[in-house]
Amino acid sequence: MHYLCVCGFFTHYSCNASQVERESPRHGGESVAEVLRAHGIRFIFTLVGGHISPVLVACEKLGIRVVDTRHEATAVFAADAVARLSGTVGVAAVTAGPGLTNTITAVKNAQMAESPVLLIGGAAATLLQGRGALQDIDQMSLFKPLCKFCTSVRRVREIVPTVRKALAIAQSGTPGPVFVEFPIDTLYPYHLVEKEVSPKNIPKGIMGKITAWYLKNHLTNLFAGAWEPRELSPLPVLIPQASDQEVQRCVELVSRAKKPVILLGSQATLPPAPVHDIRKALESLGIPCFLGGMSRGMLGRDSPLHIRQNRGDALKEADLVLLAGTVCDFRLGYGKVLSRRSQIIAVNRDRTQLLKNSDLFWKPTVAIQGDVGSFLLRLSKGLTGHRCPEEWPQSLKDKDRTKETANRAKASERTERHLNPLSVLYNVDKLMAEDSIIVTDGGDFVGTAAYIMRPRGPLSWLDPGAFGTLGVGGGFALGAKLCRPDAEVWIVYGDGSLGYSVAEFDTFTRHKTPVIALVGNDACWSQISREQVPILGSSVACVLAFTGNLLL
């Protein structure tokens, strides 16, 4: 190993020139595409840029569909939707600098929603980083807080092992986004990089010779061993599992419970357990369930076990609560809604989420760091022949129907102006096809839709998750329609959130991915106005206009 100081910085090289195939037309983008294809990736979402063009061209040649969007955030949201619906890693590729900074909200949303997404980012050439090159910023410092794994490829031969590692990490443990940065000189062919690296006017004398020698060795190290055969297949994905002892203890607790309740979260839909097997397991247990996030629809449209209303009252009565991927954050009153008389079983892949706020408002009887779906299958097997007493879910369902009747009565009320939104949502729910996927993007209107619209089956509901991000609609719908081209895809928009992704209707048209959009247009940011006006006495910045029809 040799070290060389030139122009005020150190570098090293360890490969000789004979390992470089100077005449090869191959480029690093081909290596990226080969790994993606070997991992079953079918789509890559992008907003094109010169830094990443080799990746996109190579993906197209290998049969990976390249889907370009009108905003980089949409590309990541679409990758997120593909990850959730397909059980694979969603992939997005964007150019350097502003291309990457435009994705930050979407990447953070994927992190909080625990979606395995690979973000491929372009970057300035290795020699030019930190020297004022076009769109050159410290991208790693931006994404390290957001991603499970961040790295920058420094040599072409590193591409295959790096991408394989990133894809495995995205799916292991608690799934989440990963980021791989590709300097532009790692993606283009040798002859083009050589042309850019070779100095035009070499200084005379010893410094000129040293500079030329240094640049030549840098180029050699960049491409040495680039096209040697490498393993492309997926690395093992590591998923935490409950121990036999933990499952057995839960079997005993559930078997003695008279009024158990399951709160099912998005983690229940993650691989490896098939969602339809999980549905059968829940039906076998006979325990009433409240469904949240991606688990909405897990029990179908009209299950007697799916309770949609009065969750707080049910939790007060319950003698056992199973938090199956549900987190005690703001959505569950930080745990305050759980009765101290209840025995609580908590299952979550992430230890921090598993125990969130347990030091303040609640205490788990059993806390299991493990995969939710696999746990439910094993719990059901351990309770073969046992069912929850039927009068308990029946009593909750009766209260559910009472609340539903009250909502339907409100839907029949006449409004002074425009349509009754409850009536609209009930009618849309009635006419939706059985294969429909519902994408939600909004505040007030979407909050109402969550209580009225009924997903038809597992993996048929997409919402942003805990981050509450506006703007997911276009990307989520795009990913959903590509995963299930024969399904009806509905976007339920608020008129405010529509503005974030209305440009993607161009994307839907260009890529022949038709979707249906339902916009609740009340010319207002109503979820904010409802509190701002009575508390602060002003509607400033809350008022919009009835212009949705002009936009569409």
Side-chain angles (χ1 to χ4, degrees), residues 45 67 69-85 90 92 102-113 115 117 266 292-294 296-297 331 421 424-425 428-429 432 436-455 459-484 487-508 513-529 542 544 547-549 551-552:
F45 300 93
V67 184
T69 63
R70 300 303 298 269
H71 196 287
E72 290 89 350
T74 298
V76 176
F77 286 136
D80 184 340
V82 167
R84 300 189 197 194
L85 295 177
N102 277 347
T103 70
I104 286 176
T105 296
V107 173
K108 182 63 182 182
N109 193 82
Q111 181 193 45
M112 295 189 67
S115 294
V117 171
S266 295
M294 283 295 296
R296 292 177 185 269
R331 294 167 293 181
V424 170
L425 290 166
V428 170
D429 181 65
M432 281 195 309
S436 292
I437 298 174
I438 303 170
V439 173
T440 60
D441 184 7
D444 204 56
F445 191 56
V446 165
T448 303
Y451 284 97
I452 293 175
M453 302 183 82
R454 293 168 292 177
L459 299 177
S460 58
W461 174 279
L462 287 166
D463 63 31
F467 204 29
T469 309
L470 294 181
V472 302
F476 277 13
L478 179 63
K481 189 63 179 179
L482 288 168
C483 284
R484 298 189 198 161
E488 232 177 49
V489 175
W490 287 77
I491 315 176
V492 181
Y493 276 120
D495 55 325
S497 62
L498 171 66
Y500 288 91
S501 63
V502 68
E504 302 305 338
F505 282 82
D506 166 75
T507 305
F508 299 143
T513 50
V515 304
I516 306 167
L518 173 68
V519 184
N521 189 357
D522 60 358
C524 185
W525 296 96
S526 295
Q527 199 170 52
I528 308 304
S529 176
C542 294
L544 298 172
T547 53
N549 57 323
L551 288 171
L552 297 178

Mind listing the closest non-hydrogen atom pair of M112 and A466 along with its distance?
CE-CB, 4.2 Å
Trace of the side chain to side chain contact (heavy atoms under 4.5 Å, CB included) decision for W461 with M294:
CA-CA 6 Å; W461 174 279; M294 283 295 296; 5.7 Å; no
Side-chain heavy atoms of D522 within contact of D495, under 4.5 Å:
yes
Correct closest heavy-atom pair for R70 and T507 would be CG-OG1, 3.6 Å
Can you tell me how far CZ of R454 sits from CD1 of I438, rounded to the nearest 0.5 angstrom?
10.0 Å
Evaluate T69 against E504 for side chain to side chain contact (heavy atoms under 4.5 Å, CB included), listing each step before the verdict.
CA-CA 7 Å; T69 63; E504 302 305 338; 3.7 Å; yes
Under 4.5 Å between any side-chain heavy atoms of V489 and T513, yes or no?
no
Residues Q527 and W525: side-chain donor-acceptor under 3.5 angstrom
no
T105 and T469, any side-chain heavy atoms less than 4.5 Å apart:
yes
Report yes if some heavy atom in the side chain of V492 is under 4.5 Å from a heavy atom in the side chain of D441; otherwise report no.
no
Between V117 and V76 the two heavy atoms that sit nearest each other are CG1-CG1, 4.5 Å
State, yes or no, whether a side-chain contact exists between M432 and W490 at a heavy-atom distance under 4.5 Å.
yes
Heavy-atom pair with the smallest gap, counting every atom of R84 and A113:
NH2-CB, 3.4 Å
Rounded to the nearest 0.5 Å, what's the gap from NZ on K481 to CD on E488? Could you check?
8.0 Å
Please report the interatomic distance CD1(I452) to CG(D429), rounded to the nearest 0.5 Å.
8.5 Å
Heavy-atom neighbours of R331 CZ exceed 12 at 6.0 Å:
yes
Considering all heavy atoms of both residues, which atom of S436 and which atom of S460 are nearest to each other, and what is their separation?
O-CB, 3.5 Å
Do E72 and T103 have side-chain atoms, one donor and one acceptor, less than 3.5 Å apart?
no
Are D463 and F476 close enough, and set up right, to give a side chain to side chain contact (heavy atoms under 4.5 Å, CB included), and what steps lead you there?
CA-CA 8 Å; D463 63 31; F476 277 13; 5.9 Å; no
Y493 vs S501 side-chain heavy atoms within contact, under 4.5 Å:
yes
Test item: L462 and T440 side chains (from C-beta on) under 4.5 Å apart, heavy atoms:
no
Please round to the nearest 0.5 Å and tell me the distance separating atom CD1 of I437 and atom CG of L85.
5.5 Å
Audit row: T74, Y500, side chain to side chain donor-acceptor pair (under 3.5 Å) steps and yes/no
CA-CA 9 Å; T74 298; Y500 288 91; over 6 Å; no
Nearest heavy-atom approach of S529 to C524 is CB-SG, 3.7 Å
Qualifying residues under ring-ring contact (aromatic ring centres under 6.0 Å, His included), relative to F508, sequence neighbours excluded:
F505
State, with a plain yes or no, whether a side-chain heavy atom of F445 is found less than 4.5 Å away from one of L518.
yes
